[in-house]
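Everything numeric here is computed off the predicted structure, so don't read it as measured data.
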Amino acid sequence: MGEYSSARQQRLSRYGTNRAGRARTNDRVSSRRNTPQSKLNGFFSTLRDRLPEPPSSKAGRIGLIVVAAIAVLLLFLYGPVREYYVSWRVGQIYSAELAELNEDNEELKSEVNRLQSREGIEDEARKRGYVSEGETAVTVEGLDESETSDGETGDTSDASDESNNPWYISVLDVLFGFDKTSVSVS
């Protein structure tokens, strides 16, 4: 292999090893070489030499510092991100309510336009029980009152609104503690 440099020889002598990398023998150690304790120590030292060196503690500390910094960052950002998410969800609910109200408004406008014509007035009068000259009024009994004239049976907007949300909205609602019932919609 060649001669070792003087710096390496100094390092080897400082750590108690010879040129072959083995521990230097000491007179006291060589006298105890055949004891069971020394054989066991020799086995473990050989085993220790074969194992890879553990990663440096500096890398472990840096990793720990990075993980702690990320945890602190997440802790400080949770409040503002939660407020942003809650306001975004409230805005979604209000936008859906506004769209529903605009739809109802359009229906009412078309109803007003229909009632301003002669045919619309006559239709509404017949619904209320009025008849024109020469017509006979007929009353039908036994219809279920929960059904309307259009066949609608009730409002299901809340149930359909929840089913339209993607799965991650439900997860984020739980994560950020958003409760839809706390939003007041008129």
_Nearest-0.5 Å distance, CG of residue Leu77 to CD1 of residue Ile70_ = 12.0 Å
*Nearest 0.5 Å, what's the CG-CD1 distance between Leu98 and Ile93?*
14.0 Å
*Residues Ile121, Gln116; criterion side chain to side chain contact (heavy atoms under 4.5 Å, CB included); working and verdict*: CA-CA 7 Å; Ile121 293 171; Gln116 289 183 348; over 6 Å; no
_Let me check something: do Val67 and Leu73 share a hydrophobic cluster, defined by ILVMFWY side-chain heavy atoms less than 4.5 Å apart, either directly or through other members?_
no
*Would you check, one step at a time, whether the test side chain to side chain contact (heavy atoms under 4.5 Å, CB included) holds for Glu122 with Lys127?*
CA-CA 9 Å; Glu122 288 176 359; Lys127 285 181 186 176; over 6 Å; no
_Looking at every non-hydrogen atom in both residues, tell me the closest pair between Phe176 and Arg82 and how far apart they are._
O-NE, 2.9 Å
*Got a sec: does the OH of Tyr94 have more than 12 other heavy atoms crowding it under 6.0 Å?*
yes
*In sequence, state the C-alpha distance, the side-chain angles, and the governing distance for Arg61 and Val66, and then conclude on side chain to side chain contact (heavy atoms under 4.5 Å, CB included).*
CA-CA 9 Å; Arg61 278 189 238 133; Val66 167; over 6 Å; no
*Quick one: does Arg89's side chain get under 4.5 Å of Asn165's, heavy atoms only?*
yes
_Donor-acceptor pair, side chain of Glu135 and main chain of Ser132, under 3.5 angstrom_ = yes
_Heavy-atom closest contact (Ile169 atom, Tyr85 atom, distance)_ = O-OH, 3.2 Å
*Same cluster (ILVMFWY, side-chain, under 4.5 Å), Leu74 and Leu172*: no
*Can you get from Tyr84 to Val171 by hopping between Ile, Leu, Val, Met, Phe, Trp and Tyr side chains that sit under 4.5 Å apart?*
no
*Any side-chain heavy atom of Lys180 within less than 4.5 Å of one from Phe178?*
yes
*Taking C-beta and beyond as the side chain, do Glu119 and Arg114 meet within less than 4.5 Å on heavy atoms?*
no
*Rounded to the nearest 0.5 Å, how far apart are OG of Ser110 and CG of Leu108?*
7.5 Å
*How about Tyr130: does its OH atom have over 12 heavy atoms from other parts shown lying under 6.0 Å from it?*
no
_Could you see if Val174 belongs to whatever hydrophobic cluster contains Val183? Use Ile, Leu, Val, Met, Phe, Trp, Tyr and a side-chain cutoff under 4.5 Å._
no
*Shared-cluster residues of Val131, by chain and number - hydrophobic side chains joined below 4.5 Å*: none
_Residues clustering with Val72 (ILVMFWY side chains joined when closer than 4.5 Å, directly or via others)_ = Phe76
_Criterion side chain to side chain contact (heavy atoms under 4.5 Å, CB included) on Glu97 and Leu101, from CA distance to verdict_ = CA-CA 6 Å; Glu97 182 70 20; Leu101 289 174; 4.0 Å; yes
